[in-house]
Participant: 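Quick one: the structure is below, questions incoming.
Just so it is clear, the structure is predicted and the values come from calculations on it, not from any experiment.
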Amino acid sequence: MKKVRLVLGIAILLVSLGVLIWALVPLEHVTRVVPVPPSDLQLPTPEALSPFVEAFL
Amino acid sequence: MRGVRLLSLFVALAVLGLTQACAPKLLATPRAVRVTQVLPREEEEPLLTTEQAPAPEPTFASTPWSPPIGGQGEGAVTKVAPTLSPAIPERRRLTLEWPPTLRVGDADVIRLTLEVDEMGGITPTAEIEGHQVRGETVSIPNLYETHDVIAEARLDMAGAQVRPQGPISEALLPGQPVTFYWSVRLMEAGRYRGTVWLHLRFRPKSGGEEVRRAVSAQFIEVEAVTLFGLGGGAARAVGALGSALGTVLGFPFVGDAFRWLWRRVRRRGEGRL
């Protein structure tokens with residue numbers, strides 16, 4: 001009986017520790033770096049709007 | 001003799017008459033610089049061309065029309081102004097960081113940074129998922145001098161709890177990075193796909209209409225996972241309780257130690273009474 005209790009206790013302990021580690025381990029993060037081209041940092045030019053204006057007209 | 005005189009007089013008069021008729025054409029001089037201007041119709045913008053003038057600088061945008069100096073047409077000289085649109089005189093890069101996997105019920109942070117690219121000005125390179133990207137340096141008017149620049153970011157992700165909701169705005173200052181944070185919580189297992197938007201708003205310092213421009217729209221995917229159906233919080237609770245129980249069951253001396261400690265606490269309590 002004592003042996004069974006010992007084995008059961010250790011099994012519960014190991015499974016619980018595994019669950020606890022899964023719940024506490026820090027999550028992995030992914031980083032993506034994208035350069036911003038200079039043309040995207042300019043004021044929109046009238047030419048950029050011309051297709052939309054033509055479609056509207 | 002008299003006839004010769006009359007004939008000579010006639011020839012002289014004829015030559016004089018012909019000279020007077022052709023004088024304007026003979027006396028006209030070619031113009032050193034000539035500007036031709038196509039007068040616009042009401043619905044058209046004017047076209048400005050130059051002849052015998054220095055070659056105009058390359059244009060990236062249309063120029064505002066200005067009348068030639070000294071009036072139209074003959075002898076007038078007009079300079080072709082630079083036509084580069086004002087822009088931010090910095091190389092910038094976007095850094096997006098997010099968790100590809102998230103435990104159900106747990107929250108994590110998604111970060112977007114618009115920062116100055118330190119490699120800028122020479123030939124900046126950046127890695128994007130194993131690719132090499134090269135940029136170009138362009139000399140353009142400084143946009144910070146004429147406009148207030150505001151960076152606006154937004155995270156759209158259906159089915160997820162995102163805080164803050166809606167767009168977040170930050171002033172973009174010269175040489176300073178701008179960082180946006182979102183807290184995301186996923187309440188059910190599955191794959192969640194979203195888009196991180198970045199806009200720039202240009203507000204003229206002299207007043208006028210604000211201009212908004214989309215700079216980036218980045219796709220992200222987050223997978224919400226469980227362990228045997230347990231989310232993050234439930235797994236932690238089960239793990240803690242199970243560990244305590246397993247320790248007590250698996251190590252009998254631990255139970256004896258707990259009993260000894262309990263008896264001591266009771267004795268102290270009785271002693272005080």
Participant: Between B/Leu172 and chain A, which part of the residue has a heavy atom less than 4.5 Å away: side chain, backbone, both or neither?
Facilitator: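 For B/Leu172, no heavy atom lies under 4.5 Å from chain A.
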
Participant: May I ask you to decide if A/Trp22's main-chain N or O and B/Arg103's side chain share a donor-acceptor pair within less than 3.5 Å?
Facilitator: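 Confirmed, B/Arg103 side chain pairs with A/Trp22 backbone.
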
Participant: Between B/Thr226 and chain A, with a heavy-atom cut-off of 4.5 Å, which part of the residue counts as in contact: side chain, backbone, both or neither?
Facilitator: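 It is the backbone, since no side chain atom gets that close.
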
Participant: Which value, rounded to the nearest 0.5 Å, describes the distance between A/Leu24 atom CG and B/Asp106 atom CG?
Facilitator: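 The CG atom of B/Asp106 is 9.5 Å from CG of A/Leu24, to the nearest 0.5 Å.
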
Participant: Write down the atom of A/Ala23, the atom of B/Ala235, and the distance for their closest heavy-atom approach.
Facilitator: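 That closest heavy-atom pairing would be CB-CB, 3.7 Å.
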
Participant: Return the CG to CG distance between A/Leu27 and B/Asp108, rounded to the nearest 0.5 Å.
Facilitator: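 A/Leu27 CG to B/Asp108 CG: 5.0 Å, rounded to 0.5 Å.
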
Participant: Given a strict heavy-atom distance threshold of 4.5 Å, which part of B/Val248 is in contact with chain A: side chain, backbone, both, or neither?
Facilitator: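 Answer is backbone: N, CA, C or O of B/Val248 sit under 4.5 Å from chain A.
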
Participant: Report the option among A/Ala11, A/Gly18, A/Gly9 that has the most heavy-atom pairs separated by less than 4.5 Å from atoms of chain B.
Facilitator: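 Sorted descending by pairs with chain B, the first entry is A/Gly9.
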
Participant: Is any side-chain heavy atom of B/Ser216 less than 4.5 Å from a side-chain heavy atom of A/Val34?
Facilitator: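 A side-chain contact is absent here, since even the closest heavy-atom pair is not under 4.5 Å.
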
Participant: Look at the side chain of B/Arg92 and the backbone N and O of A/Val36, then say whether any donor-acceptor pair between them is shorter than 3.5 Å.
Facilitator: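 No, B/Arg92 side chain to A/Val36 backbone: no donor-acceptor pair under 3.5 Å.
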
Participant: Need one label for B/Thr101: side chain, backbone, both or neither, based on atoms under 4.5 Å from any heavy atom in chain A.
Facilitator: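 For B/Thr101, the backbone is the part near chain A, not the side chain.
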
Participant: With side chain to side chain contact (heavy atoms under 4.5 Å, CB included) as the test, would you mind laying out the steps for A/Leu41 and B/Leu143 before giving the verdict?
Facilitator: CA-CA 9 Å; A/Leu41 300 177; B/Leu143 191 59; over 6 Å; no

Participant: Closest approach of A/Leu20 and B/Ser243, non-hydrogen atoms and distance?
Facilitator: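 Looks like CD2-OG, 4.2 Å.
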
Participant: Can you check whether A/Val30 reaches B/Glu221 side chain to side chain, under 4.5 Å on heavy atoms?
Facilitator: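 With C-beta onward as the side chain, the pair stays apart.
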
Participant: Say you draw a straight line from OG1 of A/Thr31 to CZ of B/Arg111; how long is it, rounded to the nearest 0.5 Å?
Facilitator: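 Going from the OG1 atom of A/Thr31 to the CZ atom of B/Arg111 covers 6.5 Å.
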
Participant: Does any heavy atom of chain A fall under 4.5 Å from the side chain of B/Val211, the backbone, both, or neither of them?
Facilitator: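 Side chain of B/Val211 only, per the 4.5 Å heavy-atom cut-off to chain A.
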
Participant: Non-hydrogen atoms of chain A under 4.5 Å away: do they reach the side chain of B/Glu115, the backbone, both or neither?
Facilitator: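 When you check distances to chain A, no heavy atom of B/Glu115 falls under 4.5 Å.
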
Participant: Looking at every non-hydrogen atom in both residues, tell me the closest pair between A/Ser16 and B/Val238 and how far apart they are.
Facilitator: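 Result for this residue pair: OG-O, 4.3 Å.
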
Participant: Name the region of A/Val4, side chain, backbone, both or neither, that has any atom closer than 4.5 Å to a heavy atom of chain B.
Facilitator: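 When you check distances to chain B, no heavy atom of A/Val4 falls under 4.5 Å.
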
Participant: Could you check if a side-chain atom of B/Arg213 sits within less than 4.5 angstrom of a side-chain atom of A/Asp40, using non-hydrogen atoms only?
Facilitator: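 Yes, their side chains come closer than 4.5 Å.
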
Participant: Is the count of non-hydrogen atoms from other residues, nucleotides or ligands lying under 6.0 Å from A/Lys3 atom NZ greater than 12?
Facilitator: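 Result for NZ/A/Lys3: open.
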
Participant: Check the surroundings of atom CZ in B/Phe219: do more than 12 heavy atoms from other residues, nucleotides or ligands lie under 6.0 Å from it?
Facilitator: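 Yes, CZ of B/Phe219 has more than 12 neighbouring heavy atoms, counting only those of other groups under 6.0 Å.
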
Participant: Does any heavy atom of chain A fall under 4.5 Å from the side chain of B/Val104, the backbone, both, or neither of them?
Facilitator: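 Contact with chain A involves no heavy atom of B/Val104 at all.
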
Participant: Less than 4.5 Å to any heavy atom of chain A: does that hold for the side chain of B/Leu96, its backbone, both, or neither?
Facilitator: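 It is both, since atoms from each part get that close.
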
Participant: Side chains of A/Val19 and B/Leu227, heavy atoms from C-beta outward: is any pair under 4.5 Å?
Facilitator: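 The answer is yes; the side chains approach within 4.5 Å.
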
Participant: Between B/Val109 and A/His29, which heavy-atom pair has the shortest distance, and what is it?
Facilitator: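 Of all heavy-atom pairs spanning B/Val109 and A/His29, the closest is O-CE1, 3.4 Å.
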
Participant: Of all the heavy-atom pairs spanning B/Trp98 and A/Arg32, show the shortest one and how long it is.
Facilitator: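 The answer is CH2-NH2, 3.5 Å.
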
